[in-house]
J.: 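This is the structure I have questions about; it appears just below.
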Amino acid sequence: MSAAQWRRAMNSGAGRYALRTATPAAAAPLPAVEAPRVGPAISAALGKIRLRHVIVLAAVIVYPLVVSPFFTFQIGGQSLALGLIALSLTFLGGYGGMVSLAQMSVAGLAGYMVAILGTSIDPISLHWPWWLAVAFAILIATGFATFVGWLSVRTEGIYTIMITLAIGVAFYYLTLQNYSLFAGHRGFNQVNAPDVLGVNLRDPLPFYYLSLACALGGYFFVQYIIRAPFGIALQGVRDNPRRMRALGFHVTAHRVAAYSVAGVLASVGGVLMIWYNNQISPESTGLGRMIDILVIAVLGGMRHPIGAFAGAIVFVLVQNFAIDLIARERFNLVIGCVFLAIVLFSPDGLLGLWAQLRARLAAFGAQAKFRSGG
Amino acid sequence: MRSRAFQLWAWLIVIGGPIAVFVVWALVDNARQFVSTFLNGVTLAALYFLVASGFTLVFGLMRNVNLAHGSLYLLGAYVGWEVGDATDMWLLAVAAGFLTAALVGFLLQVFVFRFMQGQDLRQTMVTIGLSIVLADLMLWQWGGVIYQFDPPRAIYGSLPMPIIRGYPTYRIVVFLGAVAIGLLLWWFLNRTRVGMMIRAGVDDRAMLAASGVNVQRVFALTFAIGAGMAGFAGVVGGTALSISPGEDTRYLLASLVVVIVGGMGSITGAAVGALLIGLAEQFGLAYAPTYGIVFTFVVMALVLAFRPRGILGKPA
Amino acid sequence: MRLKTPVLRTLMGTAALVALCAGTAQAEDTIKIGVLATLEGPFAAGGQDSMRGADLALKLHNGMAGGKKIEFIKGSSDASPDKAVNATRKLVEQDKVDIMIGPLSGDEGIAVKNYSKTQPNITFINGSSGAQATTLVDPSPNFFRFHTEGAQWMVGLGEHALSKGYKKVFLVAEDYGFPYSQVQGFMAGYCKAGGHVVKKAWVPLGTKDYSSVISTIPGDVDALVVVLGGADAVNFLTQYEQVGGDKPMVGGTITVDQTVLNFKGKRRESLLGTPSAGPMADSIDTPEWKKFVSDYKANFKDGFPSPSLFAFLYYLSTEATLEGLDAVKGDLSGGQKAYREALQKLVLHGPAGDIKIDENRNGIGDTYITEVVKKPDGEFYNQVVKVTHNVTETLGLSKEEFTKMGLGSREVPSCP
């Protein structure tokens, strides 16, 4: 290895950016080469459940029963769906070291496929049964994500942002200009969520619980996979691809596979978003929305999957209520400044602030205990 | 040995063949349109080169993907417009655009990016945040109105040409200007001391520091030049195509695609990439207007598929 | 489900209020109206002016209608349909407005119309969105548009162009919904009267570089039909002239506005005589229009020199809302049934002519055809040359002909 390459490996930001130390909830990582057996893995997982997990879980389940339908649907449902898309970015960026701005495009493609294969008011729609349309939408969008991954990962980590940005914008223009498949500028309207067992999935309560189920599923799936051999190997690839290659791991394949996994998460989020909006248009996947997902992920913090949802909740709240507090016209300025402040001063986002707060409280508590004669 | 030469010829035939067929067909079909489009492509490439050269310079040396590059373009354009409007001198506007953007770039490097050396991802995030903030500030200050420049009549008329009736003088001026600047940049990078330091830094940053050069000063200068190029291109491009709030993302994307195709960190790569993308875009828009815009991205995807580092990209 | 809660809450709130302090009880006598416009992004200037139009209408009614106080709650979007629906949903479900005015742009209008179907007890009045599909495709019984739409704005211009001798034209327009409607409005009359649109050049949204389009203009057309926004039109004209082009132009509704005519004092002689059409014109010579302009100028020192299209349309929409409330004396009970019937019967005497609504609740009104003329002091302006009254959504064709043609798109209508 040349001196230049060694220094490049040291200078590369990806490893330094994503936090290496595990959060308290992660406990001891499993050994990289052994496959975890299911039984001990489950009991190990159960043993890590803390009181705060129970509280949060109870809160999100009880939430819609105590707030108005508006809050359930527009705030709660939207946060969970956006959070799921941001989770795919957190997984790729935090654990894979590849920040992909094309996640919203993947989600958008899934939404478009639901509209094209399923029902809408546009004559293009094929009116397949909803479960078939959804299944194919997720499949096609994941395929697209894999393709994006394959294009993006064969170069250095930092290129990924540029390439995925360009791909995302290309997708936007494709949906804008194409009228035979993507209905161009007018998009698809009245993409109605299905009726399942007599319950319309777009009513506030059912939609919220559906999004919650998907969000929890995505969250636990990510938690599982970052401890599985694949996830550990992925983090290894993030930290030092050269060493992983020397160990015999196929670095490019791991990265592309990570894109596929993230693609599944983003596709599910995309299906939820199209049911939420009842329509889809090129703006839904445009540059603004792509950056929004990045803002959400960074806002919450990329060190832990819960960050994506924390960021989404804050983002949706600000978006909806900023007009009541400050001039709505300057919403972008506010979000931009917050984003900038976080990247400059607390790169781990809200989770980082929370961790710092807890550390300070713990230190304060320990000091108080010490002084009181412990 | 044999395989490399063979590969090169194979590529030339596979890509060059269809292009040659197309050129012959287009010339026979409508020579006026073909010549016109070709000139449009080359002159647009000149503008893209001006914007992308700054971007690739900053990345090549400092590994900083400056996604606020488009915002610097627009900022230079707006400030240049204000100066041009106040003084009625277009050349002064051009200078003002260059200097404003260069100053902002310099300040950014010295007060923000210097403390994040090595954290590529974080630097990029900062540039994204900056672009959001700058875009909204500019929208606040200058509104959604479209601004037009007022260049001297001498360069803004129409040049008579063979085959086509006339061609905008300004576009020819931009092309000549870009060639001049390209040569200037080449001379600066290859024949001056500072340029030598920059090239050395692109190859091996740590070794440059080890040999006693004040690396931070070189970085600041490079960022200033890169940003200044963006502001300069802002005034030049704005004169041809007017300035409005969406232009920052448009030129950022153009820079990205040009640099991805041409290769990061290489000025020659920026020139080659700009030529390819400019021609692809104009021919796409003229002969297949619906998908003309997507065409450039297809070119980019093809280059990525077969040469991930770009046509002239360096492995380091 | 939604009906019970606000009525119950209002009753309980009022009872508590009365119990606590006799007297004020303002809550009952206020009607909340949500006003949605594009206040973010590049269209913000238009959105601001639309708010001015709405505020002007309310001011001229002294803040009251139907005997009750009117409270505006403002919402903002960025011209994208999903944000428009989010903002509308917040106004309707969270801020509990009784009537919605908005949105501003075409695609937002379709999305808000779809949302209005889920809120049958709220009346939605369009702001300025001009997409044909909003009222022609699957209309909503509680969505009203008190102005004409993009296609209606061009009715009569086709015949006028033919009368100027433009038998073959080349079309340049942006590739999305609003220009499609404008082009259909122009071509419905133009094609029927024997004109030929030789080629249509649809440029992608946001294009500033028209050089490739200009290079495809055939040499044997009589005029160019340019449906671009004002400043894009400046770009197009400049680039066209620099390539040696010299054909006359026919403009769309937003093409030949003040920015184009008097750009930096350099007037383009080539623009003299350019016809265009729209629902209003700066130079309308009626006392109602002059009063509207002077009211606008007096109330908004920070506004434009003359009210823009958005201010005008939002003014019309708000005016209709308030006059409807006057007609039913503020009675919004019974799912607002009486109110909607009053709206259906309303004849709005607007600054630029009378507006009625048809069975799809779309506006029927006047279209003004203008030409560019030089004033004695050398300034250019748009002079009204013809007014077409009672322009309906079928654009001067019979219902069968129009249904056969379908809505405007890239290929429809077509007469090469």
Side-chain angles (χ1 to χ4, degrees), chain A residues 2-8 10-14 16-18 93 97 99 101 147 150-163 165-167 169-171 173-174 176-179 184 287-288 291 294-295 298 329-344 347, chain B residues 55 59 63-65 67 112 115-137 139-140 203-207 246 249-250 252-253 255-257 259-260 264 289-298 300-302 304-305 307-310 313 315-316:
Chain A
S2 80
Q5 283 173 315
W6 178 77
R7 265 182 287 277
R8 195 170 32 92
M10 296 303 283
N11 280 339
S12 139
R16 206 165 296 168
Y17 184 80
V99 176
L101 288 172
F147 173 68
W150 179 72
L151 276 182
S152 321
V153 298
R154 292 171 300 146
T155 52
E156 267 183 53
I158 202 63
Y159 284 69
T160 312
I161 278 195
M162 288 174 48
I163 296 174
L165 177 61
I167 293 177
V169 174
F171 179 73
Y173 278 115
L174 180 65
L176 185 65
Q177 292 299 107
N178 180 293
Y179 277 84
L287 188 62
I291 302 284
L294 179 68
V295 169
V298 170
E329 302 96 77
R330 301 273 78 83
F331 166 73
N332 275 320
L333 186 62
V334 171
I335 282 284
C337 285
V338 170
F339 181 77
L340 207 54
I342 288 199
V343 181
L344 285 172
Chain B
F55 185 80
F59 179 82
R63 321 303 279 174
N64 185 347
V65 180
L67 292 179
V112 179
F115 305 107
M116 291 186 221
Q117 216 50 55
Q119 299 171 46
D120 308 339
L121 200 56
R122 194 168 165 210
Q123 283 182 333
T124 306
M125 300 281 202
V126 170
T127 59
I128 292 179
L130 278 169
S131 71
I132 301 176
V133 169
L134 278 174
D136 205 57
L137 284 174
L139 184 64
W140 198 358
D203 285 339
D204 197 332
R205 200 173 10 180
M207 198 54 91
T249 39
R250 181 160 168 246
L252 172 67
L253 282 164
S255 309
L256 281 182
V257 176
V259 168
I260 290 174
M264 281 284 217
T290 311
Y291 293 110
I293 284 193
V294 188
F295 201 49
T296 46
F297 292 105
V298 169
M300 181 193 84
L302 283 173
L304 275 177
R307 269 192 85 91
R309 287 213 176 85

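Numbers restart at 1 for each chain; the letters A, B, ... are given by sequence-line order, proteins then strands.
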J.: Please report the shortest heavy-atom distance between Gln123(B) and Met116(B), naming the atom on each side.
T.: NE2-O, 3.5 Å
J.: Distance from Leu130(B) atom CG to Leu340(A) atom CG, nearest 0.5 Å?
T.: 5.0 Å
J.: Taking side chain as everything from C-beta outward and backbone as N, CA, C, O, which of these in Ile342(A) sits under 4.5 Å from a heavy atom of chain B? Side chain, backbone, both or neither.
T.: neither
J.: Val294(B) versus chain A, heavy atoms under 4.5 Å apart: side chain, backbone, both or neither?
T.: side chain
J.: Is it the side chain or the backbone of Ile335(A) that comes within 4.5 Å of chain B heavy atoms, both, or neither?
T.: neither
J.: Could you look at Leu304(B) and say if it's the side chain, the backbone, both or neither that has a heavy atom under 4.5 Å from chain A?
T.: both
J.: Could you tell me which portion of Leu67(B) (side chain, backbone, both or neither) has an atom closer than 4.5 angstrom to a non-hydrogen atom of chain A?
T.: side chain
J.: Can you tell which part of Val133(B) gets under 4.5 Å to a heavy atom of chain A, answering side chain, backbone, both or neither?
T.: both
J.: Phe55(B) versus chain A, heavy atoms under 4.5 Å apart: side chain, backbone, both or neither?
T.: side chain
J.: Only counting residues at least two apart or in another chain, list the ones meeting salt bridge (Lys or Arg N to Asp or Glu O under 4.0 Å) with Arg154(A).
T.: none
J.: Taking atom CZ of Phe297(B) as the centre, does the number of heavy atoms from other residues, nucleotides or ligands within less than 6.0 Å exceed 12?
T.: yes
J.: Tell me which of these, Leu174(A), Asn178(A), Leu176(A), Ile291(A), has more heavy-atom pairs under 4.5 Å with chain B than the rest.
T.: Asn178(A)
J.: In terms of heavy-atom proximity below 4.5 Å to chain B, should Leu151(A) be classed as side chain, backbone, both, or neither?
T.: both
J.: Quick one: ring-ring contact (aromatic ring centres under 6.0 Å, His included) partners of Phe59(B), sequence neighbours excluded?
T.: Tyr159(A)
J.: With a 4.5 angstrom heavy-atom cut-off, is it the side chain or the backbone of Val112(B) that approaches chain A, or both, or neither?
T.: side chain
J.: Where do Ala166(A) and Leu253(B) come nearest, in terms of heavy atoms and distance?
T.: CA-CD2, 4.3 Å
J.: For a 4.5 angstrom cut-off between non-hydrogen side-chain atoms, does Met125(B) reach Leu294(A)?
T.: yes
J.: Using heavy-atom distances under 4.5 Å, tell me whether Phe339(A) contacts chain B through its side chain, its backbone, both, or neither.
T.: side chain
J.: Determine whether a donor-acceptor pair (N or O, by modelled atom type, separation under 3.5 Å) exists between the side chain of Arg122(B) and the backbone of Val343(A).
T.: yes
J.: Which residue out of Val298(B), Val257(B), Ile128(B) racks up the most heavy-atom pairs below 4.5 Å with chain A?
T.: Ile128(B)
